[in-house]
Amino acid sequence: MLPDETVPVNQYFSIPKVELHRHLEGSLRLTTMLDIARLHGVTVPASMFNLSGLVQVQDQDPMTFTNFLDKFKTLRLFYKSPDVIHRVTREAVEDAAKDNVRYLELRFTPVALSRAEGFPLHDVMDWVTTSAMEAGKKHKIKVGLIASVNRHESPELAEQVAWLAADHINDGMLGLDLAGNEAEFKSDPFRDIFKEAKQAGLHITIHAGEWGPAENVRDAIENLGAERIGHGVRVLEDENVTALARERAAIFEVCVTSNFQSGVVKSLLDHPLPRMLAAGLKVTVNTDDPSVSRITLAHEYQHVCDDLKVSLDDLKKSVLLAAESSFLKDAEKKKLVDLLRKELKL
Ligand code: ADE
Ligand code: ZN
């Protein structure tokens, strides 16, 4: 099988889907990377197989978060021009539409996209918002956007991103996310930024309890105002934090394959998602970085049902929950929820 291909279309393809947690930078097509390399003289291996090893997790790779994050270092070589940023944004939306995703909340990291070639942050924000909205209309998929800032990077830049995101609330920007190296960096320097972003009308989602302990889930909820938790799969390690997440109805954006590939869980079959459901937590199913992980959302739905033994009915309920937990405005959310309820027969 070519590295750019996925397993044969499975029955999960036909389920209408909602994606709350997908990074633009983890969604680049390999074929597009090769085009960019040719057009802009990026020195990369000429074959897809060799390029794949640099930007996608391989079966023989160490399943560690450093290996996972290293892929993004290579990916940064490709953000060469405004056209490239427009193109990868359009393609990320198109690929989600092809996977029968009805609502995509796509997150992107303006600092990563702007840094390589020194593009102004506000230009990057304009390029991504414009192309994402255009592609959404073209491919008949509803799209919302989230700006991500990394824990391991400067709070000053994060603050600029937060204000730019707030300025683009009417252009599809819905939220602010804290991502990056959770194992080594605390959220404290970002607290005020997230507080102000929330006051400015942005919704908040925080990567927590992925590469860091359950306590970080509490931190995300109590100190950063998180409505949703990116991953949060280590929450069960602390029953008090589990109880807090349940009481606050925190939404977990779980990404099964990503958790395996970045070493959070030792085996796919041991993923805590079913135990999170049993603990009464609100769980949604997402991809994180479909290109880096070489998956689609259909694959993740398949894992959840076939390998983790979640019933199809519970999976469909989690799709509806994802729609209900989207950062859309109330009227748009209701439209999406009504549509999915009908299509999923719930
Ligand atoms: N950036 C892209 N994928 C990520 C992940 N799984 N955790 C933290 N930051 C990320
Ligand atoms: Zn993520």
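Atoms within each ligand, like the ligands themselves, are counted from 1 in listed order. Here, residue 1 is the first one in the sequence, and each next residue gets the next number. As the structure is a prediction and not an experimental result, all values here were calculated from the model.
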Within less than 2.8 Å of the Zn ion (ligand 2), any N, O or S from H21? yes

Measuring from non-hydrogen atoms of F72 to any atom of ligand 1, is the shortest distance under 4.0 Å? yes

For D288, what is the atom name of its N, O or S atom nearest to the Zn ion (ligand 2)? OD1

Do the ring planes of F194 and F190 sit parallel (below 30°), tilted (30 to 60°) or perpendicular (above 60°)? perpendicular

Give the single entry among R107, H21, H23 that approaches atom 1 (N) of ligand 1 most closely by any heavy atom. H23

Carefully, step by step, assess E227 and H203 under the rule side-chain hydrogen bond (donor to acceptor under 3.5 Å, both in side chains). CA-CA 7 Å; E227 298 147 74; H203 290 275; 2.6 Å; yes

Does D313 pair with K316 as a salt bridge, N-O distance under 4.0 Å? no

Indicate yes or no: does R90 engage E134 in a salt bridge with an N to O separation below 4.0 Å. no

Donor-acceptor contact present, side-chain E19 to main-chain L297, <3.5 Å: no

Any ion pair linking R107 and E253 (charged N to carboxylate O, less than 4.0 Å)? yes

Structural part of D289 in contact with ligand 1, heavy atom criterion under 4.0 angstrom: side chain

Proximity to ligand 1 by part of E210, non-hydrogen separation under 4.0 Å: side chain

Are N216 and R218 close enough that a side-chain donor and a side-chain acceptor fall under 3.5 Å? no

Could you tell me the angle subtended at the Zn ion (ligand 2) by NE2 of H207 and NE2 of H23, rounded to 10°? 100°

For G180, atoms of ligand 1 separated by under 4.0 Å from a heavy atom: 8 (C), 9 (N)

Looking at ligand 1, is there an atom of it that comes within less than 4.0 Å of some heavy atom belonging to H231? yes

